[in-house]
Structures are given as structure tokens and as C-alpha cells.
2 protein chains.
Amino acid sequence: MNIISTKSNEDKVNTITEMCKLFKVSARTLRFYESKELLFPIRRGQHRLFTKSDRGRMKLIMQGKRFGFSLEEIRQLLNLYNFGDHRTRQIKQTYQLGLKRLSSMEQQKKELGLAIKDLKTQLQLCKDLLLKRGADSRDL
Amino acid sequence: MNIISTKSNEDKVNTITEMCKLFKVSARTLRFYESKELLFPIRRGQHRLFTKSDRGRMKLIMQGKRFGFSLEEIRQLLNLYNFGDHRTRQIKQTYQLGLKRLSSMEQQKKELGLAIKDLKTQLQLCKDLLLKRGADSRDL
DNA sequence: GTTATACTTGACGTTAACGTCAAAGGAATA
DNA sequence: TATTCCTTTGACGTTAACGTCAAGTATAAC
């Protein structure tokens, strides 16, 4: 416990294999993301060290992918989480992009709700048929 | 209005270009989907004719893609909407798959809700910074 | 009859998002 | 010192989901 590193998990850095386990991705993937400027690990000699910022970015990347966004779309939004570093003009742009992304995600959530409803209906029809055909209800 | 085709839009068939406009996709895409057994247009001579069933399937395909499912994942579920045609054993399988898909979609909806919440927070922080830097609030 | 139009089947090209493999460098351990 | 281990940089391979282009057919329009 020294004076400088009270914020231990703030300053913590991870090797590439640690990151792999943390996010269940391959090392190739992490290097690929760096080459695409989605991550910016620092270097100790040859090796990469991933900082808290990289961990935050990775979380957002995985999230974005889950919702069907491309890496390029994700990259553009990542700046929203580092805006302190940038010029006002660029922050404005990122902010605008964020608003669009937000509305797109809200739209997607609506549609998802409808699709879920449809699917439920269809599953019920399917279940009815199976029961009428004499299926054991404990199987379903 | 003849006796047979009272269900005019039930029996309606579409040419490939009509389908293209209907779903805003290319003809190549429709043929590709047929080759992957997601669509089953009938043939008048050489030409394809897309039926109501194909239109229903296309709706589901577009929906599935929107939510990030692969064409193969989508294909497997499409049978849920034609179950009359199949053997009980296969319907059961499709039904089970449908249940899994449902829970996956519900999970996705949850996560989407959280992500939306995060994004809103971040946008607010971003907005605050911009205002503090003297941005005109009418721009945002 | 020929020209235009819509459609067909191949076949090869493209992009995103990685996977895989080879060769090499440094640190640690035996 | 030798060997092992982690990591690095290239470079080429792969898969999904189409795009693009060429060559041919069939029906409709003039």
C-alpha cells in the first residue's frame, strides 16, 4: 500500500492472456482490434499492457457486437468515453453520433419486443399442435 | 371476383423484382436465400414466383438479421412457421429451438435496456462538458 | 421479325472479422 | 548455458453474405 497507487484497480494493467480470459476472446482478436484503433494498449518493451481504458473499451465493443453493430460503427462511438482528450468540435460530432445510436437502439428494443411477442404466439400454436398430435406435455 | 380466389392476397404471387421492392433487397439476395433453403419460390417455366409463405419467411429473415442472427440460425427457426408440413419429431425439435431463441431474445432485450441506460448517462456527461466549454445548448 | 425487357444460371470478386501458421525475440527457469 | 514460455510481427487462409459481370432464354412490344 504505497501512497501513489491507492487506486489499485484503476491503474491495473493486464497482459494479453489475462485480457483473453477476461473477455473470452483470442489474442489475435485483441491485436486485430488494436490495429483497427479500437484499443490502445501501452508497451513495456515489446509486450502490450492493457489499461483500465482498454478494459472499458472492450466492454463496449462486446456490447456493440452483441447488438449487431460493426467494428467501425463501434469505433466511432468509443470516443464518447474518452471525450476529455479531444477537441470540442470532435466531441460535438461524437455526441451527435451517440444520439443517433441511442435512437437506433431504442428502435431495436421496440422491434425486439414485437418479435418476442410474435415468437411467443407462434410457439403456442406449435405447442397446441404437438399436444393435439398426442405429445406428452411434460416433453414441452 | 371469381369463386376460387376469394383469398386474393393469400394466393398472390410476386415476381422477383416485386419482392425486391417489397423487402428492399437485391435479386441476388433472394436467389441466394433460395440456394440456402430459406425461401422456396415456385416456378413458372424458368421464372420464380414468390408465394405468401415466402413473404412471411422474408419478414422473419429480415427480423432475424436485424437482431444479429446468422442466416443458418434463422433457417432453422423458419420451420416454426410451416410446422403443418413436418413430422411430429421435427416439429418438437423446432419447438425446442424456438424456446431457446425466445430466451436468447429476451436476454438480449434486457442487455439492450442496460446498454441504453449507460449510453444515456454517458451522453449526459458529454453534454455537460460541452456546455461547460461554452457550447450553445441549441446545437445539442 | 427484331428489338426490348425481365429473368435465368454460372462464375468469380469483395468485405468484415477474425483464424492459423511460421519465424523470431526476451525473460525465466532448469 | 540450454530450454521453455510468452509474446511479437508478418503473411496467408477462411467464412458469411452477398456484389458483379457474362452469356443465355423467353416473353412482350413495336
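Note on naming: letters A, B, ... go to the chains in the order of the sequence lines (proteins, then strands), and numbering restarts at 1 for each one. Below, all heavy atoms of this structure are taken into account, side chains as well, without hydrogens, waters or symmetry copies.
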Quiz item: Could you give the start and end, 5' to 3', of the contact zone on DNA chain D for chain B, using atoms under 4.0 Å from its heavy atoms?
Solution: D:dA17 to D:dT20
Self-check item: Distance (rounded to the nearest 0.5 Å) between A:Tyr33 OH and A:Thr29 OG1
Solution: 5.5 Å
Practice problem: Treat each ILVMFWY residue as a node, draw an edge where side-chain heavy atoms are under 4.5 Å apart, and state whether B:Phe32 and B:Ile16 are in one component. | Solution: yes
Quiz item: With sugar-phosphate meaning primed atoms plus P, OP1 and OP2, does A:Arg43 contact a base, only sugar-phosphate, or nothing at under 4.0 Å between heavy atoms?
Solution: sugar-phosphate
Quiz item: So, is B:Arg48 close to the C:dT8 phosphate, meaning a side-chain N or O under 4.0 Å from OP1 or OP2?
Solution: yes
Quiz item: Is a salt bridge present between A:Glu72 and A:Arg75, judged by a nitrogen-to-oxygen distance below 4.0 Å?
Solution: yes
Quiz item: Are A:Gln124 and A:Asp128 close enough, and set up right, to give a side chain to side chain donor-acceptor pair (under 3.5 Å), and what steps lead you there?
Solution: CA-CA 6 Å; A:Gln124 187 56 49; A:Asp128 292 348; 3.0 Å; yes
Exercise. Take atom CZ of B:Arg43 as the centre, draw a 6.0 Å sphere, and report whether it contains more than 12 heavy atoms from other residues, nucleotides or ligands.
Key: yes
Quiz item: With a 4.0 Å cut-off, would you call B:Glu34 and B:Arg31 a salt bridge?
Solution: no
Exercise. Determine the minimum heavy-atom distance between A:Arg133 and B:His86, stating which atoms define it.
Key: NH1-O, 3.2 Å
Exercise. Assign a letter to each nucleotide of nucleotides 21-28 of chain C from its 5' end: B, base within under 4.0 Å of a protein heavy atom; S, sugar-phosphate only; -, no contact.
Key: --------
Quiz prompt | Salt-bridge present (A:Glu106, B:Lys120; N to O < 4.0 Å) | solution = yes
